[in-house]
Amino acid sequence: MLPPDTALWNFVEAAVRDVFRAYNFQEIRTPIFEATELFARGVGEETDIVSKEMFTWEDGAKAADYAVYKRWITTRFPGVSAFQQIDPDTAESQSPVPTMSVQLDGKWNFIVFVYRLTAQAVLELKIASEQLDNNKYEFRLVTADPLPDSFRFLVGEVAVITERVSLDISSQLLTLRPENTAGVVRAYIQNKLWDRGLNKLYYIGPQFRRERPQKGRYRQFYQIGAEVIGPPASGSESPARDAEVLEMLATLLDRLGITDWNLELNSVGSSQERVKFNEALRVALAPLKDKMCADCQRRAVTNPLRVLDCKVPEDQPIIEKLPRITDFLEEESRKHFDAVQDILTKTGVRFTLNPRLVRGLDYYTRTAFEFTHGALGAQNAILGGGRYDGLSEALGGPAAPGIGFAIGEDRLVMSLQEKTPAESVLRKPDVYIAPMAGMNADAAKLARELRRHDLVVELGDDSFRKLKKSFEAAEKAGAKYILIVGENEVKSDAFALKNLATGEQISVPRAELAQKIQD
Ligand code: AMP
């Protein structure tokens with residue numbers, strides 16, 4: 001991403017922060033990568049995202065788990081009399097790998113635990129051996145690396161005994177976040193955010209999915225999202241929250257000038273209602289699925305709900321005739337959905353009902369929605385979201401109903417580009433200061449003064465011998481004015497200011513410059 005395009009991104013983000021503030025949302029920043037397990041549970045093993053799109057790697061240097069190491073040591077050396085742990089997480093520690101010292105028959109053992117026999121681990125031992133008395137210490141490296149049992153090596157003068165272990169100094173699987181809801185809910189649980197009542201959080205940041213890159217679909221893309229989450233007593237389950245989130249999104253899109261959006265709305269019911277619906281789909285699909293695409297054949301068995309998501313044209317007539325979730329909603333869910341629609345109608349937010357709109361996971365409940373925009377072509381969804389009343393529990397937390405959405409920022413910017421070119425939101429220099437020979441210092445002083453008045457000032461260079469070169473640079477930068485700083489000007493404390501559009505040139509006293517340029 002390069003300028004001037006980044007100006008459009010900044011324009012979008014400034015509008016987002018402004019609108020979200022009016023609804024009392026506050027920013028949360030979660031890590032770019034988290035334990036793979038979080039996404040497996042929080043997004044769902046069954047989804048395309050988890051099953052084939054995550055960037056995942058194995059990290060050997062798992063955070064120290066001293067309970068595990070201690071257990072290993074006491075089993076391995078029953079006579080151990082004293083422990084000393086050097087915790088990589090403490091400020092005093094220089095060591096990024098978990099290390100322990102244990103006293104055995106009066107002799108200390110310095111033990112480094114690493115998953116792989118890395119250069120870092122060897123360096124660690126080297127530093128330790130230089131600091132510790134070799135006669136009093138034995139140096140041991142405990143690793144899960146496949147090494148011969150009696151493998152020994154020298155670090156400097158010191159023989160290091162290595163031991164291969166199968167204990168859990170194991171590696172950890174980490175994943176670049178493919179979406180942000182799981183991270184927010186993890187943060188909610190870890191930081192006991194229920195103490196704050198209802199949380200209204202938003203984020204802006206990159207997400208990663210291993211997809212085939214094409215227009216509107218990238219491996220690193222940006223999402224702007226928000227989550228309303230809290231204990232049931234905080235009103236987090238209320239249809240008023242769903243409607244507020246949807247109304248906020250309508251306001252945001254309108255404010256950005258994307259007025260021809262479509263809000264598609266559905267209710268996917270409670271988890272019990274969905275079980276019944278899924279079963280009905282399974283039954284209905286059994287005799288039909290062989291005529292459908294390969295994905296649908298698989299989904300018809302694993303997760304029939306996802307069949308409704310299929311975009312293959314040939315499958316559409318079959319899907320049209322399948323049972324509809326609306327027929328499976330019971331009283332409470334129906335009331336919830338009606339209330340959401342009622343508020344939207346009263347607040348003047350238009351929507352269309354789309355009974356095929358689903359979110360495929362068990363803990364997604366009730367309201368599901370998508371905003372689409374014609375200008376985007378095949379990848380026409382700008383944003384999607386819904387209620388996830390069971391997600392916190394699925395991640396090991398307390399009941400915390402919530403609703404959220406994620407806007408694809410790349411696509412949002414793309415839909416803006418036509419009406420709002422990046423150039424139109426880019427703030428060009430108000431003035432280009434052109435110093436004559438030897439006048440750089442005076443020019444810098446003047447630039448400093450003018451910038452204090454919130455003017456955008458581009459500062460030239462006195463090596464441009466000819467003024468013509470400064471004029472060219474000023475035009476190229478798109479400056480409104482050029483200001484000439486020569487010896488005469490400095491002496492008289494009045495400067496030649498030329499309007500580059502009209503060609504008009506006047507001499508302006510220093511004290512009046514900022515005002516004149518602002519006019
Ligand atoms: P999802 O998390 O799949 O519901 O996606 C939410 C929004 O993120 C979508 O509506 C898209 O606008 C956007 N999005 C999802 N995947 C990508 C991608 N690979 N590239 C660009 N935008 C994406």
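Atoms within each ligand, like the ligands themselves, are counted from 1 in listed order. Reckoned from all heavy atoms, side chains included, excluding hydrogens, waters and symmetry mates. Quick note: residue numbers are just sequence positions, from 1.
- Of all atoms in ligand 1, numbered sequentially from 1 with element shown, those under 4.0 Å from a heavy atom of Leu383 are 10 (O).
- When only non-hydrogen protein atoms are considered, atom 11 (C) of ligand 1 lies nearest to Arg411 NH1, 3.4 Å.
- Contact of the Tyr218 side chain with the Asp410 side chain is registered, since non-hydrogen atoms from C-beta on lie closer than 4.5 Å.
- Residues Asp454 and Arg451 are not paired through a salt bridge, judged by the lack of any N-O separation under 4.0 Å between the basic side chain and the carboxylate.
- Atom 4 (O) of ligand 1 has its closest protein heavy atom at Arg359 NH2, 3.9 Å.
- Annotation: side-chain hydrogen bond (donor to acceptor under 3.5 Å, both in side chains) contacts of Arg241 (sequence neighbours excluded): Glu244.
- Within the 4.0 Å heavy-atom shell around ligand 1 one finds Glu211.
- Two residues are said to be in side-chain contact when any heavy atoms from C-beta on lie closer than 4.5 Å; Val456 and Lys428 fail this criterion.
- By heavy-atom distance, the residue among Gly384, Gly216, Gly408, Gly404 lying nearest atom 21 (C) of ligand 1 is Gly216.
- For the salt bridge (Lys or Arg N to Asp or Glu O under 4.0 Å) test, no residue two or more places apart in sequence or in another chain qualifies with Arg209.
- A salt bridge is defined here as a Lys NZ or Arg NE, NH1 or NH2 lying under 4.0 Å from an Asp or Glu carboxylate O, and Glu27 with Arg17 meets this definition.
- Among protein heavy atoms, the minimum distance from atom 14 (N) of ligand 1 is reached at Phe221 CE1, 3.6 Å.
- Taking all atoms of both residues into account, the shortest heavy-atom contact from Leu263 to Phe371 is CD1-CE1, 3.5 Å.
- No side-chain heavy atom of Phe221 sits under 4.5 Å from any side-chain heavy atom of Glu409.
- Shortest contact from atom 7 (C) of ligand 1 to any protein heavy atom: Ala406 O, 3.6 Å.
- Closest heavy-atom approach to atom 2 (O) of ligand 1 within the set Arg209, Glu53, Gln214: this belongs to Arg209.
- On a distance-only criterion, Ile382 and ligand 1 share at least one N/O pair closer than 3.5 Å.
- The protein heavy atom nearest to atom 5 (O) of ligand 1 is Gln223 NE2, 3.5 Å.
- Taking only nitrogen or oxygen atoms, main chain and side chain alike, Ala381 reaches within less than 3.5 Å of ligand 1.
- Annotation: Tyr218 places an N or O atom under 3.5 Å from an N or O atom of ligand 1; distance criterion only.
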